[in-house]
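Encoded as structure tokens, the structure appears first; notes follow it.
When reading the values below, keep in mind they use all heavy atoms of this one structure, side chains included, and skip hydrogens, waters and symmetry mates. Below, chain A is the first sequence line, B the second, and so on; all start at residue 1.
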Amino acid sequence: MPDRNSYYVTTPIYYVNDVPHVGHAYTTLACDVMARFMRLDGRDVHFLTGTDEHGQKIETAAAAAGLAPQAFTDKVSQSFRDLVAKMNYSPDNFIRTTEPRHYAACQALWQKLVDAGDIYLGKYAGWYSVRDETYFVEGETEVGPDKKRRATSTGAEVTWVEEPSYFFKLSAWADRLLEFYEKNPRFIAPESRRNEVISFVKGGLQDLSVSRTSFSWGIPVPGDEKHIMYVWLDALTNYITECGYPDTSNPLWKYWPADLHMVGKDIIRFHCVFWPAFLMAASVAPPKRVFAHGWWTNEGQKISKSLGNVIDPVELVDTYGLDPVRYFLLREVPFGNDGDFSRRALIGRLNADLANAYGNLCQRSLSIIAKSCGEKVPEKGALTDADTALLDRARGLLGVVRGEIDDQAFHKALTAIWEVIADANRYVDAQAPWALAKTDVPRRDTVMWVLAETIRRATLLVQPFMPDSAAKILDQLAVPAEDRAFAAFDKELAPGTALPKPQGVFPRFVEAKPAA
RNA sequence: GGCUGGGUAGCUCAGCUGGUUAGAGCACGGCACUCAUAAUGCCGGGGUCGGCGGUUCAAGUCCGCCCCCAGCUACCA
């Protein structure tokens, strides 16, 4: 089964103790672009997102809200499903860890790990705060002047507590993990994260506590139901629950191993160390790639709830429009790096890249065609060197963008498309079709055909990033739905095809002036 | 402290294995054009490439030392 056609991409499942913010929107957006691109490129795509609904924090938050845990998670999980619609994401399914099939998958995986001899009963020990009902590691605590140890973050007194816990023999997997990283250089991206993970594993691994007895909202350990599975074992398993695990005859099993787990840089260890170890121990193939993206700051400031500067994606979309926000998030920052969000930068991108460069290119081209070429695709005559140069660049774009998308280099993919857009704007000025209208109409028509064709190719590639806007432009070029996949990339516009009236797709954003 | 990555025009960044006058986008100034969303195109100003020393015919690009920034250095997710 060498070159399979399936493509499985996942977001992390989002922890439902919080409302969605721009970080969630960003991660899912990146996956959405991958999924849409691969579908257009003819792949059999499965795109999964969902919510992580277990754990002590949820149990506590639900109690505080006066709700049963399930009722609480039903409610908060919904806000993540609402975001899917708001951001025009295209997941094939939305998984929840409270689904019965997920319990079955987790318990099956657990049993497999037990059978393999990788799980044993031991004792978990740590600094426990009764008030917070939470364990803290040594570094999260400090001893005060009264010689009592307290949690640094909450100030609550902590005591050394030991409870029985099952452990996963992670320590036994360091060498095999290092070998796996070595043999699969693309497993962790970007490169800097790969270095971090490798150096972490090289430093030696301790066994991992994978069950708790201090709370009950979670998946019971098979055969010892006082124990609840450690949240990460529970959460990570969602990726294979979706494919039917442990039933490998499930039709969705063909998607495993996942082609890409998209994660934020904070949870890379779980995905790049624990997860492959769990899977290898259970004789399941590890995923092919984990990409850890960076964080956003807000106008140069670190984002935090206490600062109150959390960015609400819904507000952004309502203010600037969906596609401009999608474009900005993936264009502004080299994917993988941290980036700064600022209104000025967003408006700059919207006006310079979308309204002025791309939108205006479409508008100036299409309105000439509408006014002077009889509202149909113009006749294509003999091509000059200038025509061929532009068309060749547009033709080469698919290969270039495909390469960048394979690396999740969204900003580079967009830059490449926008270089062709800039070339097209230069071409319009150089050819001056408005002057040709007075001297050589057939030549003018050829120029307009070259422009329309260039816009078509660029726009096909814009689709994964800005689906609605791209669709509007392709509508204006009368490209039928079945010719919008990349299989039709070389199917050029047919002269004579009737075209609808052009309409601007990316209006400039003008800031509301304060009332004078 | 250790490890990793980075410090290049006002801002954001490109600059493979060292080689003509160090590039792009945005911002700024001037000019041109008028098809277009006061959009587009052309030209221009502006950088001792973090600092010091070294290797070399030649270093932003290699070596050494130093300064500054970020991330990682395990079980809240």
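Residues forming a side chain to side chain contact (heavy atoms under 4.5 Å, CB included) with A437(A) (at least two apart in sequence, or on another chain): R444(A). The side chain to side chain contact (heavy atoms under 4.5 Å, CB included) check on L499(A) picks up I369(A), V377(A), A478(A), with sequence neighbours excluded. In this structure Y120(A) satisfies the ring-ring contact (aromatic ring centres under 6.0 Å, His included) test together with F167(A), sequence neighbours excluded. Qualifying side chain to side chain contact (heavy atoms under 4.5 Å, CB included) partners for P334(A), counting only residues two or more places apart in sequence or in other chains: N337(A), H411(A). Scanning for side chain to side chain contact (heavy atoms under 4.5 Å, CB included) contacts around P495(A) gives E379(A), K380(A), W449(A), with sequence neighbours left out.
Side-chain contact between D387(A) and Y427(A) is present, with heavy atoms from C-beta onward closer than 4.5 Å. Here the side chains of T454(A) and D423(A) are not in contact, with every heavy-atom distance at 4.5 Å or above. Under the 4.5 Å side-chain criterion, counting only non-hydrogen atoms from C-beta, D407(A) is in contact with R186(A). A heavy-atom distance below 4.5 Å is not found between the side chains of Y239(A) and P287(A). Here the side chains of W217(A) and Q70(A) are in contact, with some heavy-atom distance below 4.5 Å. Residues T27(A) and V263(A) form no side-chain contact, since every pair of their non-hydrogen atoms from C-beta on lies 4.5 Å or further apart.
Here C13(B) presents its C1' atom at 19 Å from CH2 of W418(A), a figure rounded to the nearest Å. Look at CD on E419(A): it is 13 Å from C1' on G23(B), rounded to the nearest Å. Nucleotide C75(B) holds its P atom 17 Å from the CD1 atom of I268(A), rounded to whole Å. In this structure, N337(A) atom CG and C11(B) atom C1' are separated by 16 Å, rounded to whole Å. Atom pair N351(A):CG and U40(B):P shows a separation of 10 Å (rounding to whole Å applied). One interatomic measurement links the two molecules: CG of D266(A) to P of C75(B), which rounds to 14 Å at whole-angstrom precision. If you measure from atom CG of D338(A) to atom C1' of C72(B), you get 13 Å, rounded to the nearest angstrom. Straight-line distance from the CG atom of L208(A) to the C1' atom of C76(B): 14 Å, rounded to whole Å.
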For nucleotides 44-46 of chain B, list the nitrogen or oxygen atoms of the protein found under 3.5 Å from its nitrogen or oxygen atoms, one pair per line.
none

Under 3.5 Å between N/O atoms: give me all the protein pairs with nucleotides 2-5 of chain B, atom names plus distance.
unit_1 : atom_1 : unit_2  : atom_2 : d
U4(B)  : O2'    : N195(A) : ND2    : 3.4

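Of the residues in residues 439-458 of chain A, none has a non-hydrogen atom less than 4.0 angstrom from any atom of RNA chain B.
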Legend entry - B/S/- contact track for nucleotides 25-39 of chain B, protein heavy atom under 4.0 Å: --------SSBBB-S
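Heavy atoms of G204(A) sit under 4.0 angstrom from at least one base atom. Residue contacts shown for L205(A) include a base, since a base heavy atom lies under 4.0 Å away. The residue Y15(A) sits close only to the backbone: its heavy atoms come under 4.0 Å of sugar-phosphate atoms, none of a base.
By the neighbour-count criterion of 12 heavy atoms within 6.0 Å, atom CD of E299(A) is densely surrounded, having more than that number from other residues, nucleotides or ligands.
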Only distances under 3.5 Å count here; give the side-chain donor-acceptor pairs of residues 355-365 of chain A to other protein atoms, sequence neighbours excluded, each with its distance to 0.1 Å.
unit_1  : atom_1 : unit_2  : atom_2 : d
N356(A) : OD1    : R508(A) : NH1    : 2.9
N356(A) : ND2    : N351(A) : O      : 3.4
Y358(A) : OH     : T459(A) : OG1    : 2.7
Q363(A) : OE1    : G504(A) : N      : 3.4
R364(A) : NH1    : N425(A) : OD1    : 2.8
R364(A) : NH2    : D429(A) : OD1    : 3.1
S365(A) : OG     : L361(A) : O      : 2.7

Output a table of donor-acceptor pairs, distance under 3.5 Å, between side-chain atoms of residues 322-331 of chain A and any protein atom two or more places apart or on a different chain; print 'none' if there are none.
unit_1  : atom_1 : unit_2  : atom_2 : d
D323(A) : OD2    : S469(A) : N      : 2.8
D323(A) : OD2    : S469(A) : OG     : 2.6
R326(A) : NE     : F465(A) : O      : 2.8
R326(A) : NH1    : D32(A)  : OD2    : 3.0
R326(A) : NH1    : M87(A)  : O      : 2.8
R326(A) : NH1    : N88(A)  : O      : 3.1
R326(A) : NH2    : D32(A)  : OD2    : 2.7
R326(A) : NH2    : P464(A) : O      : 3.1
Y327(A) : OH     : D353(A) : OD2    : 2.7

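Counting only Watson-Crick and G-U wobble pairs whose two key distances fall under 3.5 Å, RNA chain B forms stems of three or more stacked pairs at B:1-7 with B:67-73, B:10-13 with B:23-26, B:28-32 with B:40-44, B:50-54 with B:62-66.
Taking atom C1' in both G44(B) and G23(B), one finds a spacing of 16 Å when rounded to whole Å. Taking atom P in both G15(B) and G7(B), the straight-line distance is 10 Å, to the nearest Å. Rounded to whole Å, the C1' atom of A14(B) lies 11 Å from the corresponding atom of A22(B). Nucleotides U17(B) and G5(B), compared at atom P, are 14 Å apart to the nearest Å. When the P atom is used for both G51(B) and C11(B), the distance is 16 Å, rounded to whole Å. Distance check on atom P: C16(B) versus A32(B) gives 40 Å, rounded to whole Å. Rounded to whole Å, the separation between the C1' atoms of G18(B) and C62(B) comes to 7 Å. Comparing the P positions of A77(B) and C67(B) gives an interatomic distance of 38 Å, to the nearest angstrom.
Remark: R194(A) fails to qualify as a cation-pi partner of Y181(A) under the 6.0 Å distance and 45° angle criteria applied to the six-membered ring.
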Legend entry - W296(A)/Y26(A) under ring-ring contact (aromatic ring centres under 6.0 Å, His included): CA gap, chis, key distance, verdict: CA-CA 9 Å; W296(A) 288 93; Y26(A) 186 50; 5.3 Å; yes
Inset, instruction - Check the pair F270(A), H261(A) against ring-ring contact (aromatic ring centres under 6.0 Å, His included), reporting the backbone distance first and the verdict last. - result: CA-CA 11 Å; F270(A) 303 100; H261(A) 289 323; over 10 Å; no
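Nearest heavy-atom pair, P190(A) versus A292(A), reported as atom, atom and distance to 0.1 Å: CD-O, 3.2 Å.
Mapping E332(A) and R269(A) onto RNA chain B via the closest heavy atom, the residue that lands nearer the 5' end is E332(A).
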